[in-house]
Peer 1: 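One structure follows; several queries about it will come next.
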Amino acid sequence: MGELSKLSIAAARDGLNKGNFSAIELTKDCLLESTKSNQLNAFCIITDELAERQATIADQNIAKKINGNLTGIPLGIKDIFCTKGVKTQAASKILTGFTPPYESTITQKLWNSGAVMIGKLNMDEFAMGSSNETSVYGSCINPWKAQNNQKNLTPGGSSGGSGAAVAANLCLAATGTDTGGSIRQPAAFTGIVGLKPTYGRCSRWGIIAFASSLDQAGPMTKTVRDSAILLGEMSGFDSKDSTSVQKEVPNFESYLDKNIKGKKIGIPREYRVDGMPEEIEALWIEGAEKLKSAGAQIVDISLPHTQYALPTYYVIAPAEASSNLARYDGVRFGERASTDNGEGIDEMYKKTRQNGFGAEVKRRIMIGTYALSAGFYDAYYIRAQKVRKLIQNDFVEVFQKGVDVILTPTTPSAAFQLKDGKKKNPLDMYLNDVFTVTANLAGLPAISVPTGKDKVGLPLGLQLIGKPWGEGDLLRIADVLEKESLFERNINKWW
Ligand code: GLN
């Protein structure tokens with residue numbers, strides 16, 4: 001057992017088609033691995049009955065030859081996607097007991113394509129965080145360990161459960177969401193591939209909102225090919241999401257196995273941040289060399305407003321979060337605080353929110369409310385939106401000059417220890433997002449590919465940022481980077 005769960009989506013699709021194994025065998029293998037891997041705390045719920053039901057139907061469809069790309073493929077779903085009849089809490093106490101009566105558009109699409117849900121995945125509360133430590137379920141643990149130290153490491157965040165579950169082969173792939181890096185950073189920390197699509201590519205309907213102008217869902221997978229497959233099934237216009245864009249969904253897989261001769265890869269000099277470890281710098285240079293030897297042209301570029309990206313993000317994201325999270329008042333969703341005799345509704349709201357939200361979420365609500373308050377709105381929120389436009393324009397200019405994709409590191413370090421004293425100050429935690437937030441601010445697609453390891457054997461990732469709607473090209477170049485990197489996901493199983 002445990003062999004089938006190691007497969008990629010592409011390999012499993014093949015095996016299922018050839019009748020080498022059944023969807024129910026594959027699903028049971030993932031369920032067993034997930035249950036045995038409790039220690040990682042990657043799943044907050046395992047939906048075994050549902051999974052077996054879905055797998056049985058998948059086998060019937062395979063027998064009738066009415067199967068598609070995801071028929072019988074076991075997936076993990078981040079706890080931020082509403083799943084009908086399955087508890088959904090975005091890892092927050094305030095949503096205790098919330099069982100959505102509806103299904104998010106994306107998960108519905110996945111079930112329509114025949115996918116199987118193994119369970120809901122751990123994450124940072126309301127997707128706010130970079131280490132999975134703000135979860136009401138406790139932190140998820142990275143299956144990787146440093147060679148010289150047995151301490152538990154973070155899988156990254158906020159989609160930490162997704163990263164850990166895929167890396168540890170508990171499921172074949174997972175969904176994630178990315179507001180400022182939450183797909184790409186955990187993908188880099190766990191040695192898998194994570195893709196944040198162009199804003200508007202994937203419907204946000206039924207995904208618990210964090211910062212609506214930045215949130216996008218995307219695939220977290222073992223390979224670039226799997227990201228192409230899963231993205232294809234997740235994408236498409238949805239009239240229920242007013243920011244969803246009516247765009248044709250290409251066959252992303254058809255972009256793979258192509259050469260990248262003549263493609264222009266931009267290296268932004270502003271991403272060479274102070275104090276960046278040498279290993280990350282070396283990884284970045286090596287990545288550029290690999291693409292060059294595959295025929296791409298490497299060009300030095302400038303994105304001059306990069307230095308303002310983090311502060312801009314940390315005004316806009318909390319501002320939108322404070323507005324989105326106003327709906328959790330103890331009346332409509334989840335947990336309601338009990339009040340003493342005679343206390344009114346205001347008291348009930350206060351107690352519910354005080355008891356229900358964790359410290360990081362409260363911090364964001366406070367910052368956001370302040371930034372949106374009369375008198376400060378222009379100075380903070382409007383100003384941040386103006387800077388956001390400048391950041392976006394930097395990218396437009398670079399792409400107009402013929403650059404096809406931009407290559408950067410995904411994170412400024414490898415996975416760090418859980419409860420790391422150095423990250424006690426929230427600002428230090430926010431620095432994790434320095435390379436990823438720009439793509440969200442500009443609405444661009446970006447992918448993290450595992451390309452190397454640090455001195456102690458921990459995975460490191462490189463990020464490729466593409467043109468709007470340029471996921472095809474992005475995947476094509478990521479595919480070459482992956483093939484040239486020969487990254488090995490050789491985790492010593494300790495759990
Ligand atoms: N780490 C970032 C934050 O805490 C990004 C989170 C995300 O992308 N959801 O806001």
Side-chain angles (χ1 to χ4, degrees), residues 37-44 91 121-125 127-168 170 176 180-192 194 220 273-283 310 358-361 363 409-436 448 450-461 487-495:
S37 305
N38 219 353
Q39 241 181 307
L40 295 178
N41 202 16
F43 280 99
C44 39
L121 291 161
N122 203 349
M123 54 180 282
D124 278 297
E125 183 180 6
M128 297 174 193
S130 304
S131 64
N132 217 128
E133 287 167 297
T134 70
S135 166
V136 70
Y137 301 111
S139 38
C140 169
I141 298 169
N142 196 329
W144 291 86
K145 291 226 192 233
Q147 278 153 3
N148 57 349
N149 189 328
Q150 284 311 298
K151 292 232 168 90
N152 285 336
L153 302 174
T154 175
S158 63
S159 314
S162 308
V166 175
L170 312 186
S182 279
I183 287 179
R184 292 159 285 158
Q185 185 252 22
F189 278 11
T190 57
I192 66 165
M220 297 178 69
V273 293
D274 282 349
M276 185 159 85
E278 263 167 46
E279 302 179 294
I280 303 276
E281 175 92 38
L283 180 90
L310 262 188
E360 182 60 27
V361 172
R363 179 178 300 121
T410 307
T411 55
S413 76
F416 47 87
Q417 277 172 26
L418 286 165
K419 304 199 180 68
D420 184 347
K422 279 188 255 132
K423 303 243 165 8
K424 272 222 175 88
N425 178 346
L427 291 181
D428 289 332
M429 192 63 92
Y430 299 169
L431 286 177
N432 256 284
D433 309 324
V434 61
F435 301 132
T436 47
S448 178
T451 63
K453 294 189 185 138
D454 73 356
K455 284 195 280 299
V456 291
L458 294 175
L460 297 171
F487 177 86
E488 239 194 301
R489 206 173 311 104
N490 52 343
I491 305 176
N492 283 328
K493 203 166 168 186
W494 52 267
W495 61 91

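We count residues from 1, following the sequence as given.
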Peer 1: Does the side-chain contact (heavy atoms from CB on, under 4.5 Å) test come out yes or no for M276 and V434, once each step is laid out?
Peer 2: CA-CA 11 Å; M276 185 159 85; V434 61; over 6 Å; no
Peer 1: Are any side-chain N or O atoms of T134 and backbone N or O atoms of E125, one a donor and one an acceptor, separated by less than 3.5 Å?
Peer 2: yes
Peer 1: Is K455 close to E279 at the side-chain level, that is, under 4.5 Å between some pair of heavy atoms?
Peer 2: yes
Peer 1: Apply side-chain contact (heavy atoms from CB on, under 4.5 Å) to the pair W144 and N490, showing each step before the final yes or no.
Peer 2: CA-CA 9 Å; W144 291 86; N490 52 343; 3.9 Å; yes
Peer 1: Whether the side chain of N122 engages the backbone of G138 through a donor-acceptor N/O pair (distance < 3.5 Å, no angle test) should be reported.
Peer 2: yes
Peer 1: Check for a donor-acceptor pair, side chain of T410 on one end and backbone N or O of G461 on the other, with a separation under 3.5 Å.
Peer 2: yes
Peer 1: Looking at G180 and D433, what are the two nearest heavy atoms and their distance?
Peer 2: O-CB, 3.9 Å
Peer 1: So, D124 versus S158: side-chain donor-acceptor pair below 3.5 Å or not?
Peer 2: no
Peer 1: Can you confirm whether V456 sits close enough to N149 that some side-chain heavy atom of one is under 4.5 Å from a side-chain heavy atom of the other?
Peer 2: no
Peer 1: Determine whether a donor-acceptor pair (N or O, by modelled atom type, separation under 3.5 Å) exists between the side chain of N41 and the backbone of Y137.
Peer 2: yes
Peer 1: Got R489 and I192 here, is their nearest side-chain heavy-atom distance under 4.5 Å?
Peer 2: yes
Peer 1: Heavy atoms, side chains only, cut-off 4.5 Å: are P186 and P155 in contact?
Peer 2: no
Peer 1: Using the side-chain contact (heavy atoms from CB on, under 4.5 Å) rule, take E133 and L418 through it: C-alpha gap first, then chi angles, then the decisive distance, then the call.
Peer 2: CA-CA 8 Å; E133 287 167 297; L418 286 165; 3.7 Å; yes
Peer 1: Mind telling me whether F189 and F416 have parallel, tilted or perpendicular rings, with 30° and 60° as the class edges?
Peer 2: perpendicular
Peer 1: Any side-chain heavy atom of E360 sitting closer than 4.5 Å to one from M429?
Peer 2: no
Peer 1: Determine whether N142 and T154 make a side-chain contact, defined as any pair of heavy atoms from C-beta on separated by less than 4.5 Å.
Peer 2: no
Peer 1: Enter the distance from I141:CD1 to N132:CG here, rounded to the nearest 0.5 Å.
Peer 2: 10.0 Å
Peer 1: Can you tell if the side chain of K145 reaches within under 4.5 Å of the side chain of N152, non-hydrogen atoms only?
Peer 2: yes
Peer 1: Of all the heavy-atom pairs spanning W494 and P143, show the shortest one and how long it is.
Peer 2: NE1-O, 2.7 Å
Peer 1: In Å and rounded to the nearest 0.5 Å, what is the CG to OG distance from L153 to S131?
Peer 2: 12.0 Å
Peer 1: Are the side chains of F487 and K453 in contact, using a 4.5 Å heavy-atom criterion?
Peer 2: yes
Peer 1: Taking all heavy atoms of P277 and all of P412, pick out the closest pair and write down the distance.
Peer 2: CD-O, 3.1 Å
Peer 1: Taking atom CG of N492 as the centre, report whether more than 12 heavy atoms of other residues, nucleotides or ligands fall under 6.0 Å from it.
Peer 2: no
Peer 1: Using every non-hydrogen atom in the two residues, find where L458 and A415 come nearest and quote the distance to one decimal.
Peer 2: CD1-O, 3.8 Å
Peer 1: Among T436, T190, N432, find the residue that satisfies the side chain to side chain donor-acceptor pair (under 3.5 Å) test when tested with Q185.
Peer 2: N432
Peer 1: Do you know the tightest heavy-atom contact between M123 and S135?
Peer 2: O-CB, 2.9 Å
Peer 1: If you look at every heavy atom in S182 and A127, which pair is closest and at what distance?
Peer 2: OG-O, 4.1 Å
